[in-house]
Asker: 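A single structure is presented below for examination.
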Amino acid sequence: MMGKKTVAGLAYIEVIAAGILWGCMGLFVRNLNTLGLATMGIVAIRCFITCILVLLYLAIFKRELLKIKLKDIWCFLGTGFCSVLFFNFCYFKSMTLTSLSIAAILLYTSPAFIMVMSFFLFKEKFNRFKVAALVMTFVGCIFVSGLMNTLVNGGNLTLSPAALLLGLGAGFGYALYSIFGRYALERGYHSLTITFYTFLFASVGSLFFTDLPQLASVFTGSIKGCLLCVGIAVFGTLIPYITYTAGLNGMDNGRASVVVSIEPAVATVVSFFVYHENPGIWGLIGIVLVLGAVVLVNMSAAGKRKK
């Protein structure tokens, strides 16, 4: 019994660690942006380095996981091009247009998008939890955008239309990973196989939108630039992915996704103390509503598993 408790406790620590690291990713993005690296360059360097590190691991220890069928390549094009490339661009760009906390919470609208797409693609039914979650997500986004503050106190919106659309685009793109990833898993592919080919295709796709001389200049121009580039791949992708995946051995997916939602809370703390960005009372209410929606979605999933 004590052994099981220890494993479960370690799993919570691992998943929380992943959420904390993802919540701090804005520090890398903001600093790289200050050094002159454009949003797509940041996406490219994150994808390139992650792809290389995963490839090295698989080539040495799990070479059999590199095999895929040509007829299934569309799954990885979906996770790479449509999801990772798109959502990373939207997410990182939104970090430069609004506070880190708001960018992170808009990313967490992804469960709402997953519910809607799963209804049409996988015939997953709606229940009271899912309906409540959709309403809470919608209202939460209104609060985060500053619309309520404008209606009550007057003045301009605290969130520009561009920042709002980019934030929602990040949530939609992030949701696509679950959709295409599910198709890949149903075809028997290992999570590491999906991860490698996802970042491989995302890397290839980023070449068409990246200023490579600019990227090389930032990467080789200073020790700080090089460390930031490696840091966003290692601490913003590889380590949190490893700890999150390890944590799944001690808890189910639904509970892990609730625990990892500490990410926007961490982003809020970083946003406030490092960049002095205050979401305000309405923004905080919006954050709570969206996080509450994430919990409701997973309560629905837990109820379905019990049946």
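Counting from 1, the numbers follow the sequence of the chain as shown.
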Asker: Taking only residues two or more places apart in sequence, or in another chain, which ones meet N278 in a side-chain hydrogen bond (donor to acceptor under 3.5 Å, both in side chains)?
Answerer: none

Asker: So, the side chain of T50 versus the backbone of R46: is there a donor-acceptor pair under 3.5 Å, distance only?
Answerer: yes

Asker: Tell me, please, which residues at least two apart from D211 pass salt bridge (Lys or Arg N to Asp or Glu O under 4.0 Å).
Answerer: none

Asker: Could you identify which residues cluster with I114, counting Ile, Leu, Val, Met, Phe, Trp and Tyr as linked when any side-chain heavy atoms lie under 4.5 Å apart, either directly or through a chain of such contacts?
Answerer: none

Asker: Which other residues end up in the same hydrophobic cluster as V269, if Ile, Leu, Val, Met, Phe, Trp and Tyr are linked when side-chain heavy atoms come under 4.5 Å apart?
Answerer: F272, F273

Asker: With a cutoff of under 4.5 Å between side-chain heavy atoms, which Ile, Leu, Val, Met, Phe, Trp and Tyr residues group with I52?
Answerer: L56

Asker: Please name all residues satisfying side-chain contact (heavy atoms from CB on, under 4.5 Å) with L165, sequence neighbours left out, ordered by chain then number.
Answerer: none

Asker: If every non-hydrogen atom of S110 is compared with every non-hydrogen atom of A175, which pair is closest and at what distance?
Answerer: O-CB, 3.6 Å

Asker: By side-chain contact (heavy atoms from CB on, under 4.5 Å), which residues pair with Y177, not counting sequence neighbours?
Answerer: T79, S83, V84, I194, T195, T198

Asker: Does any pair with a residue in residues 74-104 pass ring-ring contact (aromatic ring centres under 6.0 Å, His included), and if so which ones, sequence neighbours excluded?
Answerer: W74-Y183, F76-Y189, F76-Y197, F87-Y174

Asker: Can you list the residues that meet the side-chain hydrogen bond (donor to acceptor under 3.5 Å, both in side chains) rule with S206, with sequence neighbours excluded?
Answerer: none

Asker: Considering all heavy atoms of both residues, which atom of C141 and which atom of L168 are nearest to each other, and what is their separation?
Answerer: SG-CD2, 4.0 Å

Asker: Is it true that a side-chain atom of R30 and a backbone atom of T96 form a donor plus acceptor pair closer than 3.5 Å?
Answerer: no

Asker: List for me each residue that meets side-chain contact (heavy atoms from CB on, under 4.5 Å) alongside L53, sequence neighbours excluded, and say none if there are none.
Answerer: I49, V234, L238

Asker: Sequence neighbours left out, what passes ring pair (Phe, Tyr, Trp, His ring centres under 6.0 Å) with F208? Give chain and number order.
Answerer: none

Asker: Is the number of heavy atoms from other residues, nucleotides or ligands under 6.0 Å of F138 CZ greater than 12?
Answerer: no

Asker: Run the side-chain contact (heavy atoms from CB on, under 4.5 Å) test against R182 and tell me which residues pass, sequence neighbours left out.
Answerer: F122, E124, E186

